[in-house]
Amino acid sequence: MRHLLTAVRRPFLRHWAILQSATYKPQKPQPPPSPPSPPKPPKKPVSFCLHGESWEDEYNWMSQLNDRVAMRHMDVYMEQEEKYTEAVMYDTERLQSKLQAEMAPRLAAELSSPPLLWGPWLYYRRVEEGKQYPLLCRRLASLNEEFISNKSPSAGFDFTSGKKIEQKLLDYNLEAERFGGYAYEELSEVSPDHRYLAYTMYDKDNDYFKLSVRDLNFGSLCSKPQADRVSSIAWAKDGQALLYVVTDDKKRPFRLYCSMLGSNDEDVLLLEELQEKVHLGIRHTKDFRYLTVNAFSTQSSKNVFANDQELIIEDVDFCDSHVLLIVREGRKYRLCSISLPLSNSKMPDAVVDYDLVNGKWTIVQQQNLLYERTRVLYGSASSMNISQKSSMSKNFCSNNAGDDRPWNDLAEYYACEEYDVPSYDGVLVPLTILYSRHRKKNGGSPGLLHGHGAYGEPLDKRWRNELKSLLDRGWVIAYADVRGGGGRGRKWHHDGRRTNKLNSVKDYISCAKFLIEREVVQDTKLAGWGYSAGGLLVASAINVCPDLFRAAILKVPFLDPTHTLLMPILPLTPNDYEEFGYPGDIEDFRAIREYSPYDNIQKDALYPAILVTSSFNTRFGVWEAAKWVARVREYSAYDPSRPVLLNLTTDIVEENRYLQCKEAAMETAFLMKTVES
């Protein structure tokens, strides 16, 4: 019957084809649609004068939050920017969907943090399938072993069968309902008797963290303490008292309070720090027998006990028998344990337990990218005895983590190389390069150069899952540890702040030129990437050498330091002025004017394609990004193949896994569209 139907159809189809050929007239190829025109916001010049220098800001109106007319114009302009970005990125929609499909499986449907063993309990957070925010849970360690999965690759704890021993303590999806749809936690401490949970949640409407205490026996919120602007917390008196520090209007932690749970008495002020540059912090020792109150500034701390300019103490921890230090000297990390009383390959992050007594460590968690899932091996036999396999001992200071380690080293698939790049003044700048061994194109690879260089913070070179999509397409990912960051100690930070800020920019440019001159990256395929203060770094480098970069991504960037430091709309801290300079100081002011991205855009120069992402929840206002984008378009030479886009979000992306994936896919698609085409 099927063959008969086919035979009947064919004459009709042939006849229809003849009719078509008789009437068909070939059409001329349609030209591609013209590129959309970028928005042009109105100009309303305002004049400024300081230290004998005068200048105008035609987009100053964008920052006038109390001017209703200006804010109506701003709303219209933001809507135009949104439509323009959508139009430019329209041809990448399928690519973005493909990238999201790649990235989503790397975020496990039921993701768990490493379980923390404390007393009889294992505490951890996990995300249930279909939920945006995690649950805080605990289970008895004595019942844990029977629910460990030994499948390969190991899936760790079996949550399905293990739910009968799990206690759900806090659902952050419900917390999101309390705080306007967002669940962004800063601090979390369980009391030593395991009855109470003290935690702080971000109140986006008021821009501060709010303290709450929950009774874990009943799941209810306690009537007190409930405080605003809380920056640190610590339990005392076996969980009967909670101490907390609050900040002033400039976000400086300055007052220490004590609250007695179950009491109707008002919280007691214990300490107030009056010096404007000094911050307070509080923490407890591991045995909860002592509290430490820390007074510190950007330049000093009463708890620092090392003054080596090259040695950086990354972290300090204590137990009853040892003090543990994680230190760094240059690129070398060391794990140092000191008995009490006192007498880098590139891979996904691993969390380990280290036993100071017998020199044995156990992998708690590490992501297995080859299977794109997470292995959680708490309580399994995947461990090694360091005292047998390396020179480490109970009282050691070692440069490495031991050989023959049973974790996921990606050296077979990805290569990590380190260089010292001479800057303009001969100073050697650390540069780290990562690429796929099987996909890299000799001399023809596109590349992405990361930079930050501020606050003495080390450049974040942790494995990020979204970068795998670029690496597997032949991209080179590079990291420039420029001055101003924490790459090489305190002097390294000092040499890249305030009047020395341009050193950071020149270091970054030197690293970019190194990648091209050594043919690590093709000369027309280099992109820059900077977050927050790193956005200032990359934007300043583009101003100096716009032809060096083909594209750039600036995430919630700091772009207008002149006006932000001179007339802050959002509160700044002393750290910000110590880092970028005091406009009242004439030398600092001149330096600010020289490195400011907004004040040094080259006229009639061909700028790279740039994607600026900003948020209504960032400490650098949306207006900074909007002003800079508008002025770059106005001053630079127009090329539709090099669009300057502004992408705005109203959500806190860092706390939303779906938005993380969506934003990463868009950024990756933008890079591929503008650099590879």
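- A donor atom on one side chain and an acceptor atom on the other are found under 3.5 Å apart for Thr564 and Glu624.
- Looking at Asp171, its side chain never comes within 3.5 Å of a backbone N or O of Leu135 through a donor-acceptor pair.
- Cation-pi geometry between Arg68 and Trp61 is not met: the NZ or CZ atom fails to fall both under 6.0 Å from the ring centre and inside 45° of the normal.
- Annotation: the span from His284 atom NE2 to Leu243 atom CG amounts to 11.0 Å, rounded to 0.5 Å.
- Atom CG of Asn206 sits in a crowded spot, with more than 12 heavy atoms from other residues, nucleotides or ligands closer than 6.0 Å.
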Practice task
Go through the steps to decide whether Tyr455 and His493 satisfy the test ring-ring contact (aromatic ring centres under 6.0 Å, His included), and finish with yes or no.
Solution key: CA-CA 7 Å; Tyr455 298 103; His493 172 216; 7.8 Å; no
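- No side-chain donor-acceptor contact under 3.5 Å links Ser220 and Asp215.
- Under the rule for a ring pair (Phe, Tyr, Trp, His ring centres under 6.0 Å), the partners of Tyr244 that lie at least two apart in sequence or sit in another chain are Tyr257.
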Practice task
Any chance you could lay out the side-chain hydrogen bond (donor to acceptor under 3.5 Å, both in side chains) test for Thr613 and Asn647, step after step, and finish with the verdict?
Solution key: CA-CA 5 Å; Thr613 68; Asn647 183 45; 6.0 Å; no
Practice task
Decide salt bridge (charged side-chain N to carboxylate O under 4.0 Å, His left out) for Asp248 and Arg255; before the verdict, give the C-alpha distance in whole Å, the side-chain angles of both, and the deciding distance to 0.1 Å.
Solution key: CA-CA 8 Å; Asp248 60 16; Arg255 285 179 180 166; over 6 Å; no
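- Under the 3.5 Å distance criterion, with hydrogens and angles disregarded, a donor-acceptor pair is assigned to the side chains of His563 and Trp55.
- Partner of Cys137 under the side-chain contact (heavy atoms from CB on, under 4.5 Å) criterion, out of Trp121, Tyr123, Tyr124: Tyr124 alone.
- The closest side-chain donor-acceptor pair between Tyr595 and Asn543, if any, does not fall under 3.5 angstrom.
- Atom CD of Glu594 has 12 or fewer neighbouring heavy atoms from other residues, nucleotides or ligands inside a 6.0 Å radius.
- Here side chain to side chain donor-acceptor pair (under 3.5 Å) pairs that include residues 221-234, with residues two or more places apart or in two chains, are Tyr208-Asp228, Lys210-Asp228, Lys224-Ser259, Lys224-Asp267.
- The residues Arg252 and Glu276 are annotated as not salt-bridged, no charged nitrogen and carboxylate oxygen being separated by less than 4.0 angstrom.
- A donor-acceptor pair shorter than 3.5 Å cannot be found between the side chains of Arg498 and Tyr577.
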